[in-house]
Amino acid sequence: MKFEIGQSAPPALLETILGQRVAIPDPGSAWVHLQFRRFAGCPVCNFHLMGLARRHEEVRAAGVRQVVVFHSTREEMLGYQAQLPFDCVADPHKRLYRQYGVETSIRALLHPSVFWSGMRWVLATRRFYRRAENGILGLPADFLIDARGRIAAAHYGSHADDQWDSDHVLRLVGTAARSGDMSQPSPRGSAS
């Protein structure tokens, strides 16, 4: 089942890879940006997260708590995501992925930006993954969840590099603050 704007997100109490608790919805934040990424070593995901990490304080100042889920084990994630400034959650059995309707597809790899994003991470870090826990065909997804647990915006990626950046999240939050209603402009001009 894929979620739509206005539906209730399944409440969850998650544990980060660093052993901290994260509640969804989060009573201490106006918003949760719940992100589903692929395997821990995914160069596309990690390049994307580098950009989110650079603007983390700006996004947090807008009342957004960022929670990133990978379909890898905690041990594998510690080698890639432990230094990130936001909450990272291991879901190797893909329970949350199923709850939120996040899928896999060969389309995950079939877009030119996938190659270039991955290559930029490899060049920036001089690292390449050794394992792809649960495969390389995962699709990303992004959800903006308000403090009441309502899905204010949802995006199911059509390929591995089809995910919200910080500007998009801030626009969504700004739109909600101005109008009290959440419209969903598409990232990079694609349908959400």
Side-chain angles (χ1 to χ4, degrees), residues 1-18 20-38 42 44-70 77 81 83-89 91 96-97 99-103 113 117 121 138-192:
M1 177 179 114
K2 291 190 175 185
F3 284 99
E4 297 178 5
I5 294 171
Q7 290 182 305
S8 293
L13 184 59
L14 308 174
E15 185 174 331
T16 72
I17 60 172
L18 301 178
Q20 299 165 332
R21 299 280 181 174
V22 178
I24 296 178
D26 178 15
S29 301
W31 307 99
V32 171
H33 175 203
L34 180 62
Q35 309 169 49
F36 289 87
R37 302 295 166 239
R38 298 163 9 109
C42 172
V44 176
C45 302
N46 287 307
F47 182 73
H48 177 71
L49 292 175
M50 282 173 45
L52 290 177
R54 280 192 293 274
R55 300 202 39 211
H56 174 67
E57 289 304 319
E58 180 183 356
V59 172
R60 188 168 70 170
V64 180
R65 183 173 191 168
Q66 298 189 78
V67 179
V68 184
V69 182
F70 279 86
M77 287 180 65
Q81 285 82 40
Q83 79 290 354
L84 292 172
F86 30 78
D87 299 306
C88 297
V89 175
D91 186 16
L96 283 170
Y97 287 78
Q99 273 188 311
Y100 279 83
V102 182
E103 300 173 344
S113 69
S117 289
W121 184 75
L139 291 169
D142 292 272
F143 301 89
L144 189 63
I145 302 167
D146 70 17
R148 295 172 295 160
R150 184 179 64 97
I151 302 234
H155 179 73
Y156 292 90
S158 62
H159 56 79
D161 195 32
D162 187 11
Q163 45 205 334
W164 292 344
D165 61 15
S166 296
D167 286 332
H168 192 77
V169 172
L170 291 169
R171 276 194 308 273
L172 289 169
V173 169
T175 299
R178 283 189 306 276
S179 69
D181 182 47
M182 184 57 72
S183 63
Q184 187 174 312
S186 301
R188 297 185 205 118
S190 64
S192 288

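Around atom CD of Q83, more than 12 heavy atoms belonging to other residues, nucleotides or ligands sit under 6.0 Å away.
Side-chain contact between E4 and I151 is absent, with no heavy-atom pair separated by less than 4.5 Å. R148 has its side chain out of reach of P25: every pair of non-hydrogen atoms, C-beta onward, lies at least 4.5 Å apart. Contact check for D26 versus W31: no side-chain heavy atoms found under the 4.5 Å cut-off. Side-chain contact check for L144 versus V32: every heavy-atom pair is 4.5 Å or farther apart. Residues F47 and D161 form no side-chain contact, since every pair of their non-hydrogen atoms from C-beta on lies 4.5 Å or further apart. Counting heavy atoms from C-beta outward, F70 and D91 have side chains that stay 4.5 Å or more apart.
With rounding to the nearest 0.5 Å, the separation of CG in L172 from NE2 in H155 is 10.5 Å. Rounding to the nearest 0.5 Å places NE2 of H168 at 6.0 Å from CZ of R171. Here CG of L96 is found 7.0 Å from CG of L34. Values are rounded to the nearest 0.5 Å. Separation of atoms CG (L14) and CD (Q20) is listed at 12.5 Å; rounding is to 0.5 Å. With rounding to the nearest 0.5 angstrom, the CE atom of M50 is 13.5 Å from the SG atom of C45. Remark: F36 CZ to E103 CD distance equals 12.5 Å, nearest 0.5 Å.
Side chain of R65 to backbone of S29: no donor-acceptor contact under 3.5 angstrom is found.
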Item to check | Verdict with supporting geometry, I145 and R150, side chain to side chain contact (heavy atoms under 4.5 Å, CB included) | outcome: CA-CA 6 Å; I145 302 167; R150 184 179 64 97; over 6 Å; no
- Item | Q35/Q66 under side chain to side chain contact (heavy atoms under 4.5 Å, CB included): CA gap, chis, key distance, verdict | CA-CA 8 Å; Q35 309 169 49; Q66 298 189 78; 3.4 Å; yes
- request: Would you check, one step at a time, whether the test side chain to side chain contact (heavy atoms under 4.5 Å, CB included) holds for V68 with L84?
  value: CA-CA 10 Å; V68 184; L84 292 172; 5.9 Å; no
Might you work through the side chain to side chain contact (heavy atoms under 4.5 Å, CB included) test for V69 and Y100, ending with a clear yes or no? CA-CA 12 Å; V69 182; Y100 279 83; over 6 Å; no
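Under a cutoff of 6.0 Å and an axis angle of 45°, K2 and Y156 form a cation-pi pair.
Closest approach of V44 to A160, counting heavy atoms only: CG1-O, 3.5 Å. Pairing each heavy atom of L170 with each of A62, the nearest pair is CD2-CB, 3.7 Å.
Contact check on R55 versus D167 returns a salt bridge, with a Lys/Arg side-chain nitrogen under 4.0 Å from an Asp/Glu carboxylate oxygen. Comment: R37 engages D142 in a salt bridge, judged by a side-chain N to carboxylate O separation of less than 4.0 angstrom.
In this structure, the ring of H33 has its center no less than 6.0 angstrom from the ring center of F143.
Applying side chain to side chain contact (heavy atoms under 4.5 Å, CB included) to L52 and the options H56, H48, R54 leaves one that passes, H48.
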